[in-house]
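Only one structure is covered here, and it is reproduced in the block below.
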Amino acid sequence: MFAAVIVGVNSKDVNRLFDYKIPDRLTDVIKVGHRVFVPFGPRHVQAYVMSIHDDTGVPEDKVKEIVKVMDVEPVLTDELVELSKKLANYYIEPYISVIETILPVALKTKSKKVLMLDDSASGEAKFIYESYAVNGELETKSLHTRDLAKLMPYIDTGEIYEDILIKQHTRKKIQKGVRSLYLNKAPLERAPKQYEALHVIEDSNEPVLLADLKAQGYSEALVRELEKKGYVEKLDMIVERDPYESAVFEADYEKELTGEQTAAFNSINNALNNREDETFLLHGITGSGKTEVYLQLIQTALNNGRDAIMLVPEIALTPQMVNRFKARFGDDVAVLHSALSHGEKYDEWRKIQSGRARVSVGARSSIFAPFKNIGIIIIDEEHETTYKQSERPMYHAAEVAKLRSEYHHCPVVLGSATPSLESYARSSKEVYKRFELTHRPGMQQVPKAEIVDMSDEHKDGNSGILSRRLEAAIQDRIDRGEQTVLLLNRRGFANFQICQNCGHVPQCPNCDISLTYHKNNSSLLCHYCSYEEQVTRKCADCGSTDVTFRGTGTQKVEEILRDVFNVDIIRMDVDTTQRKGAHEQLLSRFESDNVPILLGTQMIAKGLDYPNVTLVGVLNADTMLNLPDFRANERTFQLLTQVAGRAGRHELPGEVIFQTYNPEHYAITLAMTNNYTEFYDREMQFRKFARYSPYYFHILFTVSAERIHDCLEATTDIHKTLVDNVSESCIIIGPSPSPIERIKNKNRFQILLKYKREPELKHVLDALDEKYTQIYKKTGLSLKIDVDPQYIM
DNA sequence: AGCACGCCGACT
DNA sequence: GTCGGCGTGCTC
């Protein structure tokens, strides 16, 4: 028997199947999807079994044997093996890189060659071995050639031998536990506390964690006493990391659905029961109770003995959200998000793989949850760009969801208050079935927003960040003891430093971008390559000391707000939420201390639901409008609509104020009136006219190299290849410099391909990828192919 | 990707 | 003479 494997080496060069002989002792063990350990060239690597055959075309003298199986059960199901192939083909990626994104990083293993001391070793061998060993271990690689020469004689005699050590990325977490030996020794009459503790231990069917006993008031000394008397023994227990172990969840019960909710629920529920892989679009205004529909659908899936995947954007993975799921489904829920450690992620993954969790709630990557019988996949806030991975493999979770639903014959639900144009267009053509939720059960109606024209403010001599209208509204809330949420879509203290004398703005030496001023450590920081320099209050260009800071970031606004209102303010941006748990802490303080103002970047636009928030202000509604991206309007509309939905969600009516320099722009006026369909129509006209998605599919080619000349040569070549090989209905834009021309000292040029139907395109992409992988090895020029890009920049 | 092989320059 | 620099090529 032979196994065709993909080796755990992330390189295009080895992106193919390698056949290995399955040793007889493993023929009944090894299955498709198993992790195995194989000799590969001069070393050993981990590999994944993709298929199993009776014969191989590889000559006998070349075929090697699988050394070892890494797991009892395969880590990939047949479905996930197939899925990885499809994704690798679609996104032009090596198989291994897809497999490694499907699996938790903790499963990656590396091996190292070490020298070991044989039991038969003489004192002499032992002495010399130990003189080179570090922490009792001797890695061959770290050994100097001449030192190896000294060890050589003993290697020849076999006293020292070479072995391969596999190091697991993550170890299981081990804690001390105690187990009863059920021995009726001398009674414990004179030690009632010990007697009690012994009963606690005996009452449990499993060994008890020492930490748990301590929590119940039995000291370690007491347990030690029991151990000494021979009643119990200590042992190591493998415990699962549960990031939510200290949280208490109140039970949450099903709520009665409104008419609109019921219509959507029934239809999707039918698809679920009938095992149809249909896609639904749930278009519901903020607060219309999409989540309740999701929860009840998941319940049906569970009742049918099937599993459920729920995706939410990373920033929406708030404790509020997670709590609701934990409250409804208890321990059946696995939670996966980027703030978990590798070990924690692995444990959640294991919970799913072993069948102990039947529901997963998580960010993008949890679409790969290793369920074996999926009943429903839900993607909440489906328009969010975070569902597309910005690094390779650049997959979109919705694309993966569709593939998985086909396999499992289960419905996919896309939910949003502001669906992406692509999804809404598909629902309009009945490719997706759409349901509208237009009411907010038990809530105030969505507040109408008000637009403040900031150029009018300037004309009237108010050059500050706060319009008079917004300032008065905030003061009003403060007086009434209500809360305000302010959105400012920019971080840092001020955008940049500028010389008043010559106009020089400090630039990143590696990237084509201005440095951002951060006040807390008084530094200038590049947001692309993390280059950092200290602020010198002197122009680097002309030497003038007349330098100031321009633009206004969250730090600066926080100061202004403190000056104006003299109240407590919570600021939430990338800088204040980096620490683990900081996000939760800030939000819970906002609620419990009734802090008057919450100021933040877009991360505050989602999921916040606090009854006392009655005012939402957007300080700069148009920052995203001017981005060089065809989706700029859509993003602006979405963000404004989302953040407006934060106000007046309960008894108190809400008010929303947008400050802008473009008071006439339809993305802003239609967000003000909360008119999605009209926005959709207007924006579709633009997309049709400019020939963009959803009328066309896109592929973005980005070439980066140190020399501009090399970029141009490559992009010209790619351009020609495309022209020669695609049909005339395609539109090729470029080559042109990328919006950020230089990142990390590499120049960047791009080509955008727009196409409708191009069956042969895949081969062209493969050929280009192949060609430029070779070129990359020689010259360092790289080509990135982004299929269905989210950003054209 | 790694790792060995191999062919060149500069050291004890 | 040997050590080690990194270009080249292969991995079932």
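Note: hydrogens, waters and symmetry copies are ignored here, and every other heavy atom, side chains too, is used. Protein chains get the first letters and strands the later ones, always in sequence-line order, with residue 1 at the start of each.
If you take CG of A:Asn15 and C1' of C:dT11, they are 14 Å apart, rounded to a whole angstrom. Atom pair A:Lys12:NZ and C:dC10:P shows a separation of 20 Å (rounding to whole Å applied). In this structure, CZ of A:Arg16 is placed 10 Å from P of C:dC10, rounded to the nearest angstrom. As rounded to whole Å, 8 Å separates atom P of B:dA1 from atom NZ of A:Lys777. At whole-Å resolution of the value, NE2 in A:His44 and C1' in B:dC3 are 14 Å apart. Across the protein-nucleic acid pair, A:Ile6 atom CD1 and C:dT11 atom P stand 16 Å apart, rounded to whole Å. One interatomic measurement links the two molecules: CZ of A:Phe37 to P of C:dC12, which rounds to 13 Å at whole-angstrom precision. A:Lys778 places its NZ atom 11 Å from the C1' atom of C:dG9, with the value rounded to the nearest Å.
The aromatic rings of A:Phe18 and A:Phe40 sit perpendicular to each other, their planes meeting at more than 60°, with 30° as the lower class boundary.
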Ignoring hydrogens and angles, write down the donor-acceptor pairs under 3.5 Å from the side chains of residues 779-793 of chain A, residues two or more places apart or on other chains.
from     : atom 1 : to       : atom 2 : distance (Å)
A:Thr779 : OG1    : A:Ile775 : O      : 3.1
A:Thr779 : OG1    : A:Leu781 : N      : 3.2
A:Ser782 : OG     : A:Ser704 : OG     : 3.1
A:Asp786 : OD1    : A:Lys388 : NZ     : 2.9
A:Asp788 : OD2    : A:Tyr90  : OH     : 2.7
A:Gln790 : OE1    : A:Arg635 : NH2    : 3.3
A:Tyr791 : OH     : A:Thr385 : OG1    : 3.2

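A 4.5 Å side-chain heavy-atom check between A:Ile751 and A:Ile732 finds at least one atom pair inside the cut-off.
Distances shown here put a side-chain N or O of A:Lys62 below 4.0 Å from the OP1 or OP2 atom of C:dT11.
Comparing B:dA1, B:dC3, C:dC12 against the side chain of A:Val14 picks out B:dA1 as the nearest.
Salt-bridge check for A:Lys85 with A:Glu82: passed, with a basic side-chain N closer than 4.0 Å to an acidic carboxylate O. In summary, A:Lys762 and A:Asp766 engage in a salt bridge, as defined by a charged side-chain N under 4.0 Å from a carboxylate O.
Counting distance only, with no hydrogens placed and no angle test, the side-chain atoms of A:Arg43 and the base atoms of B:dA1 include a donor-acceptor pair under 3.5 Å.
Within 4.0 Å of A:Val58, counting heavy atoms only, lies at least one base atom of the nucleic acid. Note on A:Tyr20: only backbone sugar-phosphate atoms sit closer than 4.0 angstrom, heavy atoms only; bases stay farther off. Counting non-hydrogen atoms under 4.0 angstrom, A:Pro59 reaches nothing in the nucleic acid.
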